[in-house]
Amino acid sequence: MNTVIIPAPASKSLSHRVLIAAALADGESFLERVLESDDTARTRDILTAVGARFERTGPGAFTVRGIAGKVRSRPEGFAPERAAPGGAVSENAPLSCFVGESGTTCRLIAAILAAGKGRFRLHGSGRMHQRPLGELTEALAALGAGIFFEEKPGCPPLIIEARGLDSSRLPGGMAAIGCGESSQYLSGLLMAAPLGSGLTVRLTGDKAVSWPYVSLTLETLERFGIPFAVEELAEEAATPGAPPESAWRAVPWRGLARDVPWRLRFRVASGVYRPGRYAVEGDWSGASYFLAAGAAGPRPVRVEGLSPRSLQADAALLDILERMGARVERGENAVTVYPSPLRGIEADMGHCPDVVPTVAALAAHAEGTTLITNVAHLRIKESDRLAAPAEELAKAGCLVRVMEDSLAVSPPPGGLQAPKPGTVFSAHGDHRMAMSLSLLGLPGPRNPQGCPGFAVTLDDPGCVAKSFPHFWDLWARVRV
């Protein structure tokens with residue numbers, strides 16, 4: 001049985017963070033294996049607009065001249081693009097910062113801009129103007145930024161009047177942020193903190209979703225020379241109130257996994273990002289579709305370029321695959337998954353939301369029901385990633401129940417059913433929906449002997465350009 005070999009794309013999450021850090025650095029950085037996609041292009045465009053310079057030296061390779069943390073809406077050599085009525089240039093026009101449909105760009109860059117000087121207009125397309133960032137903007141406003149929403153309160157488009165982040169405005173000089181909707185709120189504050197006098201951020205609430213992504217942010221700060229510390233309340237002082245300073249103790253940042261977020265705070269020192277060389281590791285989110293294809297399809301799939309020591313949340317997919325009955329072989333720089341009879345499981349996926357569509361589609365190939373829990377926050381992604389899989393998997397005969405915080409997928413007895421002729425599956429404008437739905441067409445171990453699978457016709461296959469522009473070229477290897 002021939003094994004399909006797939007190179008992992010570069011990590012999207014790390015690419016955003018590395019681009020930002022290099023752009024804020026004092027000097028020249030050399031980046032390799034950066035993901036080139038619609039989302040990362042939006043981040044790069046905005047960083048260019050505030051003064052950073054990117055020279056593309058090869059596929060995924062850039063030389064970056066940083067701005068030493070000086071984020072300005074009118075950088076040296078800036079030419080205003082917006083004209084006032086009558087054709088005169090308006091000097092007060094905000095700098096246009098278009099994020100497209102990139103939630104990561106929007107939330108990380110919002111904090112970076114607020115830490116700068118000038119006026120910025122943050123706006124996007126698609127569902128971006130319905131996706132929340134109100135909790136982040138409340139924290140930025142408390143630190144001195146002027147925030148003005150143009151349409152829906154708490155969502156883009158908005159104007160940011162930036163005067164730098166001033167922690168002296170806050171009681172005890174400590175900002176507060178919750179991670180119940182998105183860990184990107186915290187990541188944005190942490191990446192912006194060095195640009196001012198430093199910042200201490202305390203978590204609020206009793207829930208933190210997508211928590212491993214915070215570790216990616218801390219890893220980036222460390223690699224680019226920003227001093228920080230993570231502190232935890234001592235057990236005896238662990239109450240939601242205002243504890244004395246002596247109640248806090250430093251803890252290692254690696255492997256942080258907290259069920260009680262309000263016991264944690266982050267102290268980031270003032271400083272300038274240090275330039276250097278950085279190669280972005282492979283992306284476990286993008287690899288997930290191919291790893292799942294190895295389990296559900298007719299041939300083993302080996303994905304190369306995946307670090308076994310990665311801090312990426314979606315590396316958790318391997319444990320999920322094994323629990324579902326898949327045979328998985330882990331290597332130093334690759335993972336191979338073999339065709340396997342799969343069974344339904346219950347999985348808390350609050351920490352790895354980007355692979356929920358993958359697991360939902362994989363569940364269609366399993367025996368019994370798969371219950372995915374702790375995922376209410378998926379309703380505010382590029383699509384409603386609870387309702388959208390339910391609608392599309394039903395077209396292949398699956399019974400899918402959507403609950404407040406969970407998703408249950410039960411395949412039809414005997415395996416997937418070929419949809420009616422002419423059926424079109426909707427990606428709902430969502431790159432991860434499009435890629436996960438491709439799994440439905442694979443002939444799997446539960447299908448009849450010799451069953452060739454069925455064609456999955458998508459309404460918008462091009463939406464994968466958001467994170468994985470060459471996905472279909474690689475997927476053709478799986479289908480052959």
Side-chain angles (χ1 to χ4, degrees), residues 12 16 19-20 23 37-52 71-75 78-85 89-165 177-178 181-189 191-192 195 377 379-384 428-431 463 465-467:
K12 183 165 79 78
H16 282 294
L19 288 168
I20 291 171
S37 70
D38 288 352
D39 276 14
T40 56
R42 301 291 77 75
T43 292
R44 202 168 64 246
D45 287 347
I46 295 172
L47 294 170
T48 299
V50 299
V71 178
R72 301 288 186 269
S73 60
R74 294 291 186 274
F78 174 78
E81 297 177 355
R82 298 187 64 178
V89 173
S90 171
E91 290 298 326
N92 199 39
L95 178 68
S96 175
C97 299
F98 178 66
V99 302
E101 296 187 60
S102 176
T104 306
T105 303
C106 186
R107 290 162 178 162
L108 299 187
I109 288 291
I112 299 299
L113 298 179
K117 303 290 184 183
R119 301 180 74 237
F120 307 89
R121 181 173 186 262
L122 201 63
H123 58 111
S125 59
R127 271 173 54 98
M128 185 52 63
H129 290 181
Q130 285 77 50
R131 297 182 67 182
L133 73 161
E135 193 163 358
L136 172 60
T137 53
E138 287 176 11
L140 297 175
L143 287 162
I147 305 292
F148 306 94
F149 296 104
E150 295 182 355
E151 297 175 5
K152 183 179 179 181
C155 298
L158 70 153
I159 302 293
I160 299 174
E161 291 189 352
R163 298 177 279 269
L165 301 182
I177 197 74
E181 283 184 341
S182 173
S183 66
Q184 291 171 352
Y185 299 160
L186 173 60
S187 287
L189 283 179
M191 295 203 74
L195 305 189
H377 55 296
R379 299 182 189 278
I380 59 172
K381 295 288 187 176
E382 287 87 336
S383 68
D384 180 335
H428 296 261
D430 187 336
H431 58 133
C463 68
K466 187 177 194 297
S467 64

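This is a predicted model, so every value here is computed, not measured.
The two atoms that bring Ala465 and Ser37 nearest to each other are O-CB, 3.5 Å, heavy atoms only. Minimum interatomic distance between Gly188 and Ala111 (heavy atoms only, all atoms of both residues): O-CB, 3.2 Å. Heavy atoms only, all atoms of each residue included: Gln130 and Gly126 are closest at OE1-O, 3.8 Å. Here the closest non-hydrogen pair linking Ala162 and Ala114 is CB-O, 3.7 Å. Between Leu113 and Cys97, the closest heavy-atom pair is CD1-SG, 3.8 Å. Residues Ile380 and Arg131 come closest through the heavy atom pair O-NE, 2.9 Å.
For residues 108-119, the pairs satisfying side-chain hydrogen bond (donor to acceptor under 3.5 Å, both in side chains) are Arg119-Glu161, with sequence neighbours left out. For residues 96-105, the set of pairs meeting the salt bridge (charged side-chain N to carboxylate O under 4.0 Å, His left out) definition, not counting sequence neighbours, is empty. The list of ring pair (Phe, Tyr, Trp, His ring centres under 6.0 Å) pairs with a residue in residues 111-130, not counting sequence neighbours, reads Phe98-His123.
Atom CD of Gln184 and atom NE2 of His16 lie 8.0 Å apart (nearest 0.5 Å). The structure places CG of Leu95 at 8.5 Å from CD1 of Ile46, a figure rounded to the nearest 0.5 Å. Between the CG atom in Leu165 and the CG atom in Leu195 there is a gap of 7.5 Å [rounded to 0.5 Å]. We find the SG-CZ distance between Cys106 and Arg42 to be 13.5 Å, quoted to the nearest 0.5 Å. Taking CZ of Arg379 as the start and NZ of Lys381 as the end, the distance is 14.0 Å to the nearest 0.5 Å.
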Query - Criterion side-chain contact (heavy atoms from CB on, under 4.5 Å) on Thr40 and Thr104, from CA distance to verdict - result: CA-CA 9 Å; Thr40 56; Thr104 306; over 6 Å; no
List the atom pairs, donor and acceptor, that lie under 3.5 Å between side-chain atoms in residues 134-150 and the rest of the protein, sequence neighbours left out.
{"residue": "Glu135", "atom": "OE2", "partner": "Gly178", "partner atom": "N", "Å": "2.9"}
{"residue": "Thr137", "atom": "OG1", "partner": "Leu133", "partner atom": "O", "Å": "3.3"}
{"residue": "Thr137", "atom": "OG1", "partner": "Gly134", "partner atom": "O", "Å": "3.0"}
{"residue": "Glu150", "atom": "OE1", "partner": "Arg121", "partner atom": "NE", "Å": "3.2"}
{"residue": "Glu150", "atom": "OE1", "partner": "Arg121", "partner atom": "NH2", "Å": "2.8"}
{"residue": "Glu150", "atom": "OE2", "partner": "Arg121", "partner atom": "NE", "Å": "2.9"}

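For Thr105, the side chain to side chain donor-acceptor pair (under 3.5 Å) criterion is met by Thr43, Ser102, not counting sequence neighbours. Scanning for side chain to side chain donor-acceptor pair (under 3.5 Å) contacts around Asp39 gives Lys12, Lys466, with sequence neighbours left out.
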